[in-house]
Amino acid sequence: MQDRKSYDRTYAIVDLGRIVENLRLCKEKLRKGMAVCAVVKMDAYGHGIVEVAKAIADECAMFGVATVEEAITLRKAGIEGDILILGVIPESQYALLYEYRIMPSLFTLKQLKKLEELGKKNNTNLAVHIALDTGMGRIGIQTEEKGALKIAEQILASPHIEVKGIFSHFASCDEQDKSYARKQEQRFKNYLEKLKERGFTIPLCHIANSAGILEDIGTEYNMVRDGIVLYGVYPSKEVLHELPIKMALSWKAKISHIKTVPAGEGISYGSTFVTEKEMKIATIPVGYGDGYPRILSGKATVLVSGKKCPILGRVCMDQFMVDITGVEAELFQEVTLLGEEGGEEISLYDWEELGVFPYEFLCGLGNRVPRVYYRGKEWIGTYNPQDNLHLHEFS
Ligand SMILES: *Cc1c(COP(=O)(O)O)cnc(C)c1O
């Protein structure tokens, strides 16, 4: 990591202390001894997978990722604990599972055959989790179909496959109406019971995601998968907001231009905003190319000198304009796009009200935005994805 604490165009601040604290809050809410799979897929929801994983490695049972590449990134960063891939892996990457000791999610006989063959050839066992589809309709053994039990039984009976866990995923546990989640949980329970009747016990069983943790649904098993709540964001408006989790990420930029504009002038593409009076306008050198949602055009605000200043007109790829009439502001002054400044806050929930899907925003926070890490007030280090873009002279 680099030694820079701020950048002159834009940067995001990630408070790793908050992530650790959010994880602790979940663990305190859960039954004692409950294992937590920390979901760090998609670069830890945009926060930086290596830094986040290192910060919580001692506090979680395993990491959940989406791709083999993400798992290898963790291994290369020195993460030695268990890593579970929550999706499907292309056959061409199977060998990497052995090389880097990564657990796949298994649910078809075709996958089993290939992996059992590889295990036999290499004379090694592969740890896996069995995926069950109880109603998400995405991946997993379809638990209500004929022969559903046979698939798990065959996986469990394979000499070179070691089943370390079994899991399913909720489709709508973040909605007010929990009837579908309860149905999924019942299917999960039935399936596990049938396996038990046949003499199989599987070390880890898990179905709860963040919403499950918050609503205490699917938490009677021995592991949960903690995703968005780790980062201090509630999965939806409809779940209980009882844990004092705090958003780990905030986003800063520096004003690139200030001007006064007379009445009757159009601002930004399409002139969707036209000044009705003389206005003082600041240009912010950030746009949807950095992950700033274009849907916020003409809707959201930016904190300038601690005051909420509205966006004027459309968000461009790399810039947008805000109304700073009557606000004291200087060229190159730092402003807050997301987070707290001067007692005010622009929260991701404000953006959610305006049509932003919080998960999607976090995943889309771009490569052009360096991440500066703190633990509380203590600066930890910096990760600038642009360093990987052949831009050494700027690093
Ligand atoms: C992404 C994902 C999670 C995490 O979901 P959150 O809502 O962020 O907690 C858990 N389990 C699976 C299978 C996932 O794909």
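This one's a predicted model, so the numbers in the text were calculated from it and none came from an experiment. What you see below is based on every heavy atom in this structure, not just the backbone, and it leaves out hydrogens, waters and symmetry mates. Note that ligands are numbered from 1 as they come in the structure, with each ligand's atoms numbered from 1 the same way.
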- Query: Tell me: protein heavy atom nearest atom 7 (O) of ligand 1, and distance?
  - Reply: Tyr359 OH, 2.6 Å

- Item | Sub-4.0 Å heavy-atom approach of Arg138 to ligand 1 | yes

- Taking atom CD of Glu330 and atom OG of Ser305, what is their separation to the nearest 0.5 Å? 8.5 Å

- Query: Closest non-hydrogen protein atom to atom 3 (C) of ligand 1, residue and atom name please, with distance?
  - Reply: Lys41 NZ, 3.7 Å

- Query: Going from CZ on Arg187 to CG on Leu192, what distance comes out if it is rounded to the nearest 0.5 angstrom?
  - Reply: 14.0 Å

- To the nearest 0.5 Å, how far apart are OH in Tyr373 and CD1 in Ile19? 8.0 Å

- Among all protein heavy atoms, pick out the one at the shortest distance from atom 9 (O) of ligand 1; state its residue, atom name and that distance to 0.1 Å. Ser210 OG, 2.5 Å

- Distance (rounded to the nearest 0.5 Å) between Ile311 CD1 and Lys299 NZ: 10.5 Å

- Can the ring centres of Phe361 and Tyr292 be said to be less than 6.0 Å apart? no

- Task: Starting from atom 5 (O) of ligand 1, find the nearest protein heavy-atom neighbour and note its residue, name and distance.
- Result: Tyr45 OH, 3.6 Å

- Can an N or O of Val39 be found at a distance shorter than 3.5 Å from an N or O of ligand 1? no

- Note on the structure: Which of Thr143, Asp133, Thr134 passes side-chain hydrogen bond (donor to acceptor under 3.5 Å, both in side chains) with Gln184? It is Thr134

- Item | atom 10 (C) of ligand 1 - nearest protein heavy atom and its distance | Arg225 NE, 3.4 Å

- Note on the structure: Taking only non-hydrogen atoms of Ile228 and a 4.0 Å limit, the atoms of ligand 1 in range are 6 (P), 8 (O), 9 (O)

- Message: Looking at Tyr98, I'd like to know if the NZ or CZ of Arg101 sits under 6.0 Å from its six-membered ring centre while staying within 45 degrees of the ring's axis.
- Response: no

- In the protein, which heavy atom is nearest to atom 13 (C) of ligand 1, and how far is it? His169 ND1, 3.6 Å

